[in-house]
Protein chains: 2
Amino acid sequence: MQPGTPDHEWREDCSPRRVLAIFSSKWTSMVLHALDTRLGGCARTGVLLRSLPGISKKMLTQTLREMETAGLLTRHVHGTVPPAVEYTLTPLGRRFVEPIELLYGWARENEDALDALRSGARR
Amino acid sequence: MQPGTPDHEWREDCSPRRVLAIFSSKWTSMVLHALDTRLGGCARTGVLLRSLPGISKKMLTQTLREMETAGLLTRHVHGTVPPAVEYTLTPLGRRFVEPIELLYGWARENEDALDALRSGARR
DNA sequence: CTGTATCCTAGGAGATACTG
DNA sequence: CAGTATCTCCTAGGATACAG
């Protein structure tokens with residue numbers, strides 16, 4: 001590429017940058033992954049909560065809400081008591097499993113590289 | 001997988017979660033990508049600045065410093081005036097280009113999925 | 001050309017306790 | 001069981017101006 005060539009229009013709203021938004025949320029990609037790969041595309045709140053060590057109830061519901069409005073999953077409330085709520089991946093949501101698996105897969109196969117990273121004592 | 005099986009030790013410090021750290025920083029992956037794919041592994045500050053529309057001088061140097069201490073790149077100052085500083089990818093840094101390309105590549109090939117995302121009017 | 005020093009803000013994230 | 005309501009903290013990220 002010649003110097004000065006603007007290349008693929010590396011704008012602020014290009015697709016690479018937009019996909020990063022998914023991963024900038026601490027839990028979104030993990031919820032997607034847990035739902036698809038480990039829970040068969042559909043699960044109740046409690047199961048999700050237990051599938052993601054460290055997540056709080058608040059962050060889980062918050063994340064799920066955002067994902068719902070984003071169109072990544074649907075929420076279904078069973079009118080029972082006690083309440084049972086099921087979250088199901090949409091076809092769109094399922095599409096985003098691929099890049100996540102790509103990334104997680106790479107991570108699992110390259111733990112040594114991740115270990116080699118020096119965390120750099122914060123400031 | 002049987003219900004209750006703890007599976008791949010999905011702990012808080014598992015590799016998938018650690019690789020997410022790279023992408024949780026707004027600019028790190030883009031610097032890595034620009035440096036490797038567009039600038040041949042080595043570039044001066046000004047070039048990087050112009051290669052990443054929207055980044056500020058402050059965020060660039062901050063990101064570069066973190067990446068340096070992480071071992072992803074090296075910084076070389078030419079004792080000239082005006083100063084010239086070159087950032088070069090380390091072998092370790094180069095290893096992280098792969099997952100980034102994987103992700104960005106997927107994004108470019110799936111713009112339609114990204115477009116389908118409803119941003120959900122912030123609360 | 002590079003880099004630093006301030007100052008400032010939005011909002012991500014967690015802890016806790018409560019309601020139906 | 002699922003979800004909400006507060007509070008609080010913190011720090012990434014950005015704007016701006018200055019300095020070698």
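Bear in mind the structure is a predicted one, so any value in this text is a computation, not a measurement. No hydrogens, no waters, no symmetry mates; every other heavy atom, side chains included, goes into these values. Chain identifiers are assigned alphabetically (A, B, ...) following the order of the sequence lines, protein sequences preceding nucleic acid strands; residue numbering begins at 1 within each chain.
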Side chains of A/Val31 and A/Met67, heavy atoms from C-beta outward: is any pair under 4.5 Å? yes

Does some side-chain heavy atom of B/Leu48 sit less than 4.5 Å from a side-chain heavy atom of B/Leu60? yes

Rounded to the nearest Å, what distance is computed from the [atom1] atom of residue [X] to the [atom2] atom of nucleotide [N]?
X: A/Ile55; N: C/dG12; atom1: CD1; atom2: P; answer: 14 Å
X: B/Glu68; N: C/dT2; atom1: CD; atom2: C1'; answer: 14 Å
X: A/Gln62; N: C/dG11; atom1: CD; atom2: C1'; answer: 9 Å
X: B/Leu48; N: C/dG3; atom1: CG; atom2: C1'; answer: 14 Å
X: B/Arg75; N: C/dT2; atom1: CZ; atom2: C1'; answer: 8 Å
X: A/His76; N: D/dA2; atom1: NE2; atom2: C1'; answer: 15 Å
X: B/Leu60; N: C/dT2; atom1: CG; atom2: P; answer: 10 Å
X: A/Met59; N: D/dA2; atom1: CE; atom2: P; answer: 18 Å

Indicate whether OP1 or OP2 belonging to [N] is found under 4.0 Å from a side-chain N or O atom of [X].
X: B/Arg44; N: C/dC1; value: no
X: B/Arg65; N: C/dT4; value: yes
X: B/Tyr87; N: C/dT2; value: no

Using the side chain to side chain contact (heavy atoms under 4.5 Å, CB included) criterion, which residues pair with [X]? Sequence neighbours excluded.
X: B/Pro53; answer: A/Trp10, A/Arg17
X: A/Ile22; answer: A/Thr28, A/Phe96, B/Leu117
X: A/Lys26; answer: none
X: B/Ala107; answer: A/Ser15, A/Val19, B/Leu114

Taking five pairs at each end, how big is the angle between the two axes of the helix from C/dC1-D/dG20 to C/dG20-D/dC1, to 10°? 40°

Taken in chain and number order and not counting sequence neighbours, the residues that satisfy salt bridge (Lys or Arg N to Asp or Glu O under 4.0 Å) with B/Arg18 are A/Asp115

For nucleotides 15-19 of chain C, which of its nitrogen or oxygen atoms have a protein nitrogen or oxygen under 3.5 Å away, and what is each distance?
none

Residue pairs fulfilling side chain to side chain donor-acceptor pair (under 3.5 Å) with at least one residue in residues 88-103 of chain B, sequence neighbours excluded: A/Trp106-B/Glu98, A/Asn110-B/Arg95, A/Asp112-B/Arg95, B/His33-B/Glu101, B/Thr37-B/Glu101

As an exercise, state the distance from CZ of A/Phe23 to OG of B/Ser25, rounded to the nearest 0.5 Å. 15.0 Å

DNA chain C contacts among residues 17-26 of chain B, heavy-atom distance under 4.0 Å: none

Could you identify which residues cluster with B/Val81, counting Ile, Leu, Val, Met, Phe, Trp and Tyr as linked when any side-chain heavy atoms lie under 4.5 Å apart, either directly or through a chain of such contacts? none

Let's see if you can work this out: which of D/dG14, C/dG14, C/dT2 has an atom nearest to the side-chain heavy atoms of B/Trp27? D/dG14

Find which nucleotide of DNA chain C each of B/Thr61 and B/Arg50 is nearest to by heavy atoms, and output the residue with the more 5' nucleotide. B/Arg50

Which residue pairs pass the ring pair (Phe, Tyr, Trp, His ring centres under 6.0 Å) test when at least one of the two sits in residues 34-59 of chain A, sequence neighbours left out? none

Hits for side-chain hydrogen bond (donor to acceptor under 3.5 Å, both in side chains) against A/Thr63, two or more places apart or cross-chain, chain-then-number order -> none

